[in-house]
Amino acid sequence: MHTLITMGSPHQGVMDVPGCWDVGGGAGVAWSWCKAMQALLGHGVYYSWLQHNLLQAQYFKDPYHLDWYRETSGFLADINNDRDARNSSYVAALTSLRSLVLYQFDNDLTVVPRESSQFGFYNGTHTESMEETAAYRDDRLGLRTLNESGRLTLANCPGFHMQFTLDWFEQHVPPRSPAALRDVDGNAGTARLHPLLTGATLSPSHVRLPSLPLPAP
């Protein structure tokens with residue numbers, strides 16, 4: 001792999017129920033539901049059974065209980081090298097990329113906080129950008145190495161989580177890495193886009209983009 005482009009991925013995990021970050025407080029059904037779900041998460045999300053059987057639980061990162069998170073997280077703490085014993089192969093894999101492009105959705109209410117899509121996170125008092133986090137400063141994954149060598153791009157997409165059109169995708173995403181989007185002989189190819197990437201139902205699911213220099217399938 002030469003180029004990795006992610007769209008609204010919860011790289012630093014999530015800390016709240018989808019839709020509850022900006023719900024406000026004090027009264028109403030939405031507020032009561034959010035408080036109930038937050039209480040359940042706070043009491044049980046790091047139990048072993050949930051961590052090994054519920055995908056969403058594996059992405060939960062409680063900024064108020066980071067020691068518990070590092071000790072019991074079944075996935076995120078490991079893959080992000082958040083523990084003292086770090087896996088150098090993760091760093092080697094990431095820094096082998098020619099280009100890493102991280103898209104954040106401007107109105108994302110599914111990934112909380114939305115800055116997680118670009119390796120930012122809420123530290124218990126405020127939301128830190130990627131460059132403000134200890135993980136970046138310590139280069140735990142190689143993000144600082146990629147950034148300082150000009151191989152890391154932070155980009156934004158308007159709208160809510162995974163809600164974009166095929167036209168927007170064609171216009172903005174492939175041009176982010178034109179050199180890496182050719183095959184080994186330098187020839188243009190065919191783009192294969194899954195319907196889930198577009199926020200709409202496409203037919204056929206494989207869409208030909210003849211004007212874009214993309215690798216052959």
(request) Go through the structure and list residues passing salt bridge (charged side-chain N to carboxylate O under 4.0 Å, His left out) with Asp106, not counting sequence neighbours. (result) none
(request) Only counting residues at least two apart or in another chain, list the ones meeting salt bridge (charged side-chain N to carboxylate O under 4.0 Å, His left out) with Arg151. (result)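 Counting only residues at least two positions away or on another chain, Arg151 forms no salt bridge (charged side-chain N to carboxylate O under 4.0 Å, His left out).
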(request) Sort out for me which residue in Thr153, Leu152, Asn156 forms a side chain to side chain contact (heavy atoms under 4.5 Å, CB included) with Leu102. (result) Leu152
(request) Flag the pair Asp138 and Arg144 as a salt bridge only when some basic side-chain nitrogen lies within less than 4.0 angstrom of an acidic carboxylate oxygen. (result) no
(request) List the atom of Gln51, the atom of Thr72, and the distance in Å for their closest heavy-atom pair. (result)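 That would be CG-O, 3.7 Å.
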Who passes side chain to side chain donor-acceptor pair (under 3.5 Å) against [X], sequence neighbours left out?
X	answer
Asn81	none
Asn87	Ser89
Asp78	Tyr90
Thr145	Asp139

Name the orientation class of the two ring planes belonging to [X] and [Y] (parallel below 30°, tilted from 30 to 60°, perpendicular beyond 60°).
X	Y	result
Tyr122	Tyr64	perpendicular
Phe119	His11	parallel
His172	Trp168	parallel

